[in-house]
Amino acid sequence: MISGSTIVLMVGGSIAAYKSAELIRLLKKKDARVRVVLTEAGAKFITPMTLQTLAGERVRAETFSLQEEAAVGHIELADSADAVLVAPATADLIAKAANGIADDLCTTVLLASTAPLVFAPAMNVNMWNNAATQENVSKLRARGALVLEPGDGFLACGWTGSGRLPEYDAILQALGTATSPQDYAGTRVLVTAGATREHLDPIRFVSNRSSGKMGYAIAQSAASRGADVTLISGPSALTPPAGVKTINVTTALEMHRAVMEQVGAPADLKKHQKQYVFMVAAVSDHRPAEISSSKLKHSKDEEYSIRMVPSPDILRELGSTRESIEAQSGMPLRLIGFAAETGEQDELIAWAQEKLTKKNSDLIVGNFAHDSFEKNTNRVWLLDRTGRQEEISTADKLLVAAKIVARARKL
Ligand code: CTP
């Protein structure tokens, strides 16, 4: 996970070096420490001052700065990295890294680091396609480095083709993977998120305050740990995390149908050995008995009632048909439910406990509505079937999601 990690960023000599400024800003926003190494060629395109101001710490450039070498600077830098990102990665840097050449600070740190390496290439299309570069890329990939494909489009050199720095999202996703344990490799994960909407007529609906943030954070966290993730989302303003298949639904009935279709799909046994469902969505328990196809007209002076009928309880149905789903999909199923409550802590725990049993789930994540709805942070309690309780204190939803996802993998 990027948050809380130390990223050593190598800025190579390409016109795309200006984009490293935005990358630093995005990484800092995610709460990472960014230690920048600027190559001599990189410094021709962007100033150390720009990078230093954004990173909030000194930018390193020369290998043999006396001050740095007193503490064997390049080794200290290499050892501190949770991941090393080369962005932009030039053909020259890729070639040197592939062949173990260490003739400046950047390439020395690359050789000395045992952390995961991510390369975000940017260069002329012919340089990228050159057999020498492609051989070097293959060498790096064979050693486990994550070399991203450059983006397509108009290049600053005048050519059009493959050679643009990959999109920020793709770089962040690669770093997310590089900094997370791959404990979900070989699993299929289904996440529901957000609120459902139950229409009364073409204009009005009944819904709730869920924003989808917690569910999207769970999906992102599972994907960065190697899971094959499908997100089933109610209407939400959020952008789905990169690398996650997203199915958009509106009503509880649509969510129910989508979940049942996905969860029962036969496993690709080469890819999946276990399935997890995180029911994070705040599903409407009821829907209007009638949906009017034209706008409802009511007299402003009179009261009126809406008759509501129950919608399927998706988690309860998953819990009660667990064995047949396991037989259908060909893999074990683990169910994680959520409970958003008001009231006191002992009531929250009691309701969460009741949901665990009633819905035959493996884990319930209880939280208070006032801690969660529309917020970027959350505080939760985890309850499992052995009676174990665990509190995750207030933190960014991505951090809380990472802890929930890590706990669920032990089920
Ligand atoms: N859930 C579901 N289908 C529904 C309603 C809820 O799958 N129709 C899931 C939610 O995604 C969540 C858990 O069940 O994982 C919440 O349990 P629920 O009992 O529905 O919570 P509340 O709606 O808050 O229930 P209550 O009003 O009984 O507190």
Side-chain angles (χ1 to χ4, degrees), residues 189-199 205-219 222 230-236 247 249-264 275-289 308-322 325 333-374 378 380-385 392 397 400-401 404-405 407-408 411:
V189 169
L190 194 60
V191 183
T192 65
T196 57
R197 277 182 191 172
E198 311 301 333
H199 281 280
F205 56 78
V206 178
S207 190
N208 60 67
R209 287 172 55 203
S210 171
S211 64
K213 279 182 188 149
M214 199 64 225
Y216 279 55
I218 295 270
T230 301
L231 173 66
I232 299 177
S233 174
S236 168
I247 300 172
V249 296
T250 304
T251 65
L253 284 177
E254 285 170 15
M255 186 170 277
H256 173 257
R257 192 180 323 121
V259 170
M260 291 307 163
E261 261 172 34
Q262 294 297 317
V263 82
Q275 173 160 240
Y276 293 83
V277 179
F278 292 85
M279 279 296 307
V280 196
V283 190
S284 303
D285 288 324
H286 292 82
R287 64 181 190 279
M308 304 287 281
V309 294
S311 281
D313 186 324
I314 307 170
L315 184 58
R316 186 143 83 173
E317 188 171 326
L318 292 171
S320 63
T321 56
R322 194 190 261 273
I325 296 169
L333 174 66
R334 295 291 178 268
L335 298 174
I336 299 96
F338 279 66
E341 307 288 356
T342 55
E344 299 301 323
Q345 192 181 319
D346 53 348
E347 293 172 300
L348 168 75
I349 302 290
W351 281 316
Q353 190 68 54
E354 191 190 305
K355 281 170 196 173
L356 189 68
T357 326
K358 205 168 68 184
K359 305 199 182 199
N360 194 23
S361 300
D362 300 291
L363 190 73
I364 292 282
V365 182
N367 56 185
F368 286 115
H370 64 261
D371 281 337
S372 172
F373 282 136
E374 294 148 3
N378 202 0
V380 305
W381 284 263
L382 306 182
L383 271 82
D384 69 12
R385 289 159 81 94
I392 301 176
K397 280 185 174 166
V400 174
I404 296 170
V405 166
R407 173 67 188 85
L411 294 169

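Note that ligands are numbered from 1 as they come in the structure, with each ligand's atoms numbered from 1 the same way. For the numbers below, each heavy atom of this structure counts, side chains included, while hydrogens, waters and symmetry mates do not. Everything quoted here is computed from the prediction, not taken from an experiment.
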Only heavy atoms count here, so choose which of Pro310, Ala252, Ser311, Pro312 is nearest to atom 8 (N) of ligand 1.
Pro312

Would you mind finding which of Asn208, Asp285, Leu315, Asp313 brings a heavy atom closest to atom 5 (C) of ligand 1?
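Among Asn208, Asp285, Leu315, Asp313, the closest heavy atom to atom 5 (C) of ligand 1 comes from Asp285.
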
Tell me: protein heavy atom nearest [atom], and distance?
| atom | value |
| --- | --- |
| atom 22 (P) of ligand 1 | Lys355 NZ, 3.7 Å |
| atom 3 (N) of ligand 1 | Ile314 N, 3.0 Å |
| atom 4 (C) of ligand 1 | Val283 CB, 3.5 Å |
| atom 20 (O) of ligand 1 | Lys359 NZ, 3.2 Å |

Under 3.5 Å, side chain of Thr196 to main-chain N/O of Ser284, donor-acceptor pair present?
yes

Would you say [X] and [Y] make side-chain contact, with heavy atoms under 4.5 Å?
| X | Y | answer |
| --- | --- | --- |
| Pro312 | Leu253 | yes |
| Ser372 | Lys397 | yes |
| His286 | Glu198 | no |

Would you say [X] and ligand 1 have an N/O pair spaced under 3.5 Å apart?
| X | value |
| --- | --- |
| Lys358 | no |
| Phe338 | yes |
| Met279 | yes |
| Gly337 | no |
| Ala282 | no |

What part of [X], side chain from CB on, backbone N/CA/C/O, both or neither, has a heavy atom under 4.0 Å from ligand 1?
| X | result |
| --- | --- |
| Ala339 | neither |
| His256 | neither |
| Arg316 | neither |

If the test is side chain to side chain contact (heavy atoms under 4.5 Å, CB included), which one of Ile232, Val259, Leu231 qualifies with Ile247?
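That would be Ile232.
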
With Phe338, the side chain to side chain contact (heavy atoms under 4.5 Å, CB included) member among Leu363, Thr192, Ile218:
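In the set Leu363, Thr192, Ile218, the residue that makes a side chain to side chain contact (heavy atoms under 4.5 Å, CB included) with Phe338 is Ile218.
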
Arg322 atom CZ, neighbour heavy-atom count above 12 within 6.0 Å
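Yes, the 6.0 Å shell around CZ holds more than 12 heavy atoms from other groups.
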
Determine, for Asp384 against Arg407, whether the closest basic-nitrogen to carboxylate-oxygen distance falls under 4.0 angstrom.
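Yes, charged N to carboxylate O under 4.0 Å.
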
Kindly state each residue pair satisfying side-chain hydrogen bond (donor to acceptor under 3.5 Å, both in side chains) with at least one member in residues 337-351, sequence neighbours excluded.
Glu341-Lys355

Which of the atoms of ligand 1 are close to Ala281, meaning less than 4.0 Å from one of its heavy atoms?
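Answer, ordered by atom number: 10 (C), 11 (O).
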
Residues at least two apart in sequence or cross-chain that pass salt bridge (charged side-chain N to carboxylate O under 4.0 Å, His left out) with Asp371, listed by chain then number, are Arg379

